[in-house]
Protein chains: 2
Amino acid sequence: MLYYITMEHKYPFENEIRNLGLKVTGPRLKILSIFEESKSRHLSAEDVYQALKTNSSDVGMATIYRALANFEKAGILVKSTFEDGKAVFEINEGKHHDHLICIECGEVVCFVDEEIERRQKKIASKRGFTLKNHSLVLYGSCQQCESKLGT
Amino acid sequence: MLYYITMEHKYPFENEIRNLGLKVTGPRLKILSIFEESKSRHLSAEDVYQALKTNSSDVGMATIYRALANFEKAGILVKSTFEDGKAVFEINEGKHHDHLICIECGEVVCFVDEEIERRQKKIASKRGFTLKNHSLVLYGSCQQCESKLGT
DNA sequence: TTTATTGCAAAACCTTTGCATGTAT
DNA sequence: ATACATGCAAAGGTTTTGCAATAAA
C-alpha cells in the first residue's frame, strides 16, 4: 500500500488508525470511507459489504466484522443493536445520542434529551448501580408512513 | 391431556390459553409454569428449555419458541431483546417497565420513570412520529460487582 | 524479514420452518 | 374425525474463528 506515501491526506482516518497501533490497510481505509460517503449515517456490516461491492472494491465479510469491532473498541465508531438483532455502526462524533426508528421504512433519527440522561443516572444510582452505558430506542411510524397506513 | 378434566385449576394459565383460541397442551402449560416458578423473572428460550429438562419434562426447542411467540402475541408474556442479541421473556403484569442490567453478574432490575415516558412521547411527536414502542436498557455494574472489581 | 491482516470456508449462535407423527377437542 | 400442536432435523440469518496466503512495517 502506497497511499500513505504518495497521498498523505487522501484518507482522513489514516492517522486515527495508525494511532490505534493498527496497520493502515486498504480494507480499513475503504471501510471508513464508506461511512463518510454514505448518505445513511447508520450502516450494518452487510450495508458496508454491499457498498464496497458496488464500488468494485470487494472486501470480505470477516474483514468487515473485524474492522468494525476494532473501530468500535477504539472509539472511531459506535455500535447500536436494534430489536431485529442486527447491529449498526455510525461514526462517533463524541456526542452521545439515542435513536428513533420508523418501523415501516426504517428511517433512523438521532436525538438527545438531557432530562432523560439525568434521570437515567438517578435511577441507576438509586439502585446502587454504576451506570456505564445505556440503550434507548423509540419505535414508531414516521409521518409519511403513518399517513400511508391510514389510506 | 386430562388435566383440564381432572384438576381444573392446577394450571393458572389454562383459561388464558383457551381464550386465545389455542389448545391447552402439556408443553404450553409447562412452559408457563416455568415462568411462575422460576426465581428469575426474565427467561430466554434456552433458560426455559433447561428448566424443563431439569424437571425431566423435556420439550423441544421449536415448541418453546413457538409457544413464547404465541404468548407474546397474546400479551401473556413480554419480550425484550438485550444487546447480546438474546431475547428474554417475562410474565406481562400489565405495567410497562424498563430494565437496568448488571454487565458483570447479569442481574436484571425493572424500573419505571414517568418523566422519561413523557419525554419519549414528546420527542417522537416533535419529529412527526407516532410512538408505538420503546426499549430502554441501562447497563452498569451493581454494588456487589462494583466493589469486587475495585478489589 | 517479521508481524499483522486478509479472505475463504467452516463453525457458532440464536431462531425459524417443513414435515411426518401425535394429541386436544 | 379433524384440526391443531409437537418434535426432529434441516435451514436461516448474523457474527465469529481457524488457517494459509498476503501485505504493511
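Below, chain A is the first sequence line, B the second, and so on; all start at residue 1.
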Practice problem: Mind telling me whether B:H97 and B:H42 have parallel, tilted or perpendicular rings, with 30° and 60° as the class edges? | Solution: perpendicular
Quiz item: A:N70 has an atom CG; how far is it from atom C1' of C:dA4, in whole Å?
Solution: 11 Å
Quiz item: Does OP1 or OP2 of C:dT6 have a side-chain N or O of A:T25 closer than 4.0 Å?
Solution: yes
Quiz prompt | Below 4.0 Å: OP1/OP2 of C:dG7 and any side-chain N or O of A:T63 | solution = yes
Quiz prompt | Near-ring test A:H96/A:H134, centroid separation under 6.0 angstrom | solution = yes
Quiz item: Quick one: B:I31 CD1 to D:dA5 P, roughly how many Å, whole number?
Solution: 13 Å
Quiz item: Choosing from D:dA25, C:dC8, D:dT6, which nucleotide comes nearest the side chain of A:R66?
Solution: C:dC8
Practice problem: Would you kindly give the CD-to-P distance between B:E83 and D:dT15, to the nearest whole Å? | Solution: 13 Å
Practice problem: Measure from the side-chain heavy atoms of A:Y65 and tell me the nearest of C:dT5, C:dG18, D:dT16. | Solution: D:dT16
Quiz item: Is atom NZ of B:K132 surrounded by more than 12 heavy atoms (other residues, nucleotides or ligands) closer than 6.0 Å?
Solution: yes
Quiz item: NA contact type, B:A87, heavy-atom cut-off 4.0 Å: base, sugar-phosphate, or nothing?
Solution: sugar-phosphate
Exercise. Measure from the side-chain heavy atoms of A:A62 and tell me the nearest of C:dT15, C:dA24, D:dT17.
Key: D:dT17
Practice problem: Could you point out which residue of A:E107, A:E104, A:E146 forms a side chain to side chain donor-acceptor pair (under 3.5 Å) with A:S141? | Solution: A:E146
Quiz item: Starting at CG of A:L29 and ending at P of C:dT5, how long is that distance when rounded to a whole Å?
Solution: 13 Å
Quiz item: Hey, does the side-chain of A:K23 have a donor or acceptor N/O within less than 3.5 Å of a partner on the base of C:dT3?
Solution: yes
Practice problem: Compare side-chain N and O positions of B:R18 against OP1 and OP2 of C:dT25 and report whether any pair is under 4.0 Å apart. | Solution: yes
Quiz item: Whole Å only: how far is the NZ atom of A:K86 from the P atom of D:dG13?
Solution: 10 Å
Quiz item: Once you round it to whole Å, what is the distance between P of C:dC14 and CG of B:D84?
Solution: 8 Å
Quiz item: Taking C-beta and beyond as the side chain, do A:N55 and A:I34 meet within less than 4.5 Å on heavy atoms?
Solution: yes
Quiz item: What is the distance, rounded to the nearest whole Å, between atom CD of A:E46 and atom P of D:dG12?
Solution: 16 Å
Quiz item: Tell me: CD1 of B:I64 to P of D:dC8, nearest whole Å?
Solution: 11 Å
Quiz item: Of B:G85 and A:V59, whose closest DNA chain C nucleotide lies nearer the 5' terminus?
Solution: A:V59
